[in-house]
Amino acid sequence: MAGNHGNRLVGARALATLADLGFASIASGVIARRRGVMEVLERVKADRRAVARMRRLRDEFGAGPVELVLPGRRVVVVLDPGDVGMVLDGAPRPFDPANREKRAALRQFQPHGVLLSEGPVRAQRRAVNEAALDTSAPLHRLAGPFAEIIADEARDLTAAALRRGHLDADQFTADWWRLVRRLVLGRRGRDDEVITDELWKLRSAANWSFLALPLRKRRDRFTERLYRYAEAADPDSLVGALAATEAGAAVDPVGQIPH
């Protein structure tokens with residue numbers, strides 16, 4: 001990486017830096033946002049501490065990076081845009097994005113996701129995801145049907161808001177997830193609130209990482225519902241695009257859907 005490799009913070013300065021940079025995101029929920037906490041953090045403008053800390057690090061260390069010397073851990077704070085690109089390009093080796101806390105969290109609801117995968121199966125799963133999402137194309141192959149679905153749901157949302165005379169956050173969130181289910185799971189999944197409620201509970205537990213007990217029965221129920229959609233995939237859905245990849249069982253294409 002660019003910069004002076006001797007840039008280090010130890011003791012109280014290292015702990016204070018970590019707290020300023022990580023407190024708001026951890027408190028608000030790393031995996032599933034805690035709405036009440038987010039409201040409080042917004043009122044106190046908690047993210048200002050992280051911004052101010054980053055500016056002070058840049059003033060003191062220039063391009064960085066800066067190592068935080070902590071008990072049992074090595075944390076490196078990247079300050080230069082070029083180093084950010086290097087970290088992303090170098091994932092998962094040598095810069096693995098899945099640290100111990102993230103692995104413990106994501107196992108709650110996507111144990112076979114790309115981020116947790118290693119070795120040859122990681123490359124296979126990533127290829128399946130990219131094929132289903134058309135990442136190499138300027139527009140997804142389902143852009144046309146998706147635009148029609150979005151317009152259809154937007155009309156329903158607008159009509160309902162006009163009838164009530166207002167549109168609040170709760171109603172918008174409910175309508176948003178209805179749209180998400182229709183795009184990802186297909187028309188049959190549009191009103192399946194149970195599946196997204198189960199996912200929300202799994203993701204909320206994942207916020208606690210190692211401290212949360214594995215919710216295996218809930219995860220199994222959630223996964224079983226996903227398989228029902230995959231077994232009769234709507235062609236105008238992301239599940240249908242995933243099914244079209246004809247990935248083998250070892251890749252676990254259904255296991256990619258939670259992400």
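Worth saying up front: this structure is predicted, and the values here are computed from it rather than measured. Sequence positions, counted from 1, serve as the residue numbers for this chain.
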Ion pair present between E198 and R219, side-chain N to carboxylate O less than 4.0 angstrom? no

Taking atom CZ as the centre, does R225 end up with more than 12 heavy-atom neighbours from other residues, nucleotides or ligands that are less than 6.0 angstrom away? yes

Do other residues, nucleotides or ligands put more than 12 heavy atoms under 6.0 Å from the CZ atom of R187? no

With a 6.0 Å cut-off (strictly less than), is the heavy-atom count around CZ of R74, excluding the residue itself, greater than 12? no

Taking every heavy atom of F95 against every heavy atom of V87, the minimum-distance pair comes out as CD1-CA, 3.6 Å

Would R34 and S28 count as having a side-chain donor-acceptor pair, cut-off 3.5 Å? no

Heavy-atom neighbours of E42 CD exceed 12 at 6.0 Å: no

Counting heavy atoms not belonging to W200, are there more than 12 under 6.0 Å from its CH2? yes

Is the count of non-hydrogen atoms from other residues, nucleotides or ligands lying under 6.0 Å from F23 atom CZ greater than 12? no

Would you call K217-D220 a salt bridge at under 4.0 Å N-O? no

ring-ring contact (aromatic ring centres under 6.0 Å, His included) with F222: which residues, sequence neighbours excluded? none

So, do I195 and R228 sit near enough that their side-chain heavy atoms are less than 4.5 Å apart? no

Residue pair L167, L162: steps toward the side chain to side chain contact (heavy atoms under 4.5 Å, CB included) verdict: CA-CA 8 Å; L167 174 63; L162 289 172; over 6 Å; no

Flag if over 12 foreign heavy atoms under 6.0 Å of CZ, R126: no

Give a yes-or-no answer on whether the side chains of D192 and Y229 include a donor-acceptor pair shorter than 3.5 Å. yes

Would you say CZ of R48 has more than 12 non-hydrogen atoms from neighbouring residues, nucleotides or ligands within 6.0 angstrom? no

Compile the donor-acceptor pairs under 3.5 Å between side chains in residues 208-215 and protein atoms, sequence neighbours left out, one pair per line.
| residue | atom | partner | partner atom | Å |
| --- | --- | --- | --- | --- |
| S209 | OG | E101 | O | 2.8 |

In a check of salt bridge (Lys or Arg N to Asp or Glu O under 4.0 Å) between E60 and each of R55, R13, R53, which one passes? R13

Partners meeting side chain to side chain contact (heavy atoms under 4.5 Å, CB included) with V121 (sequence neighbours left out): S117, Q124, R125

D170 with R35: basic N within carboxylate O range, under 4.0 Å: no

Is it true that the side chains of D252 and Q256 contain a donor and an acceptor less than 3.5 Å apart? no

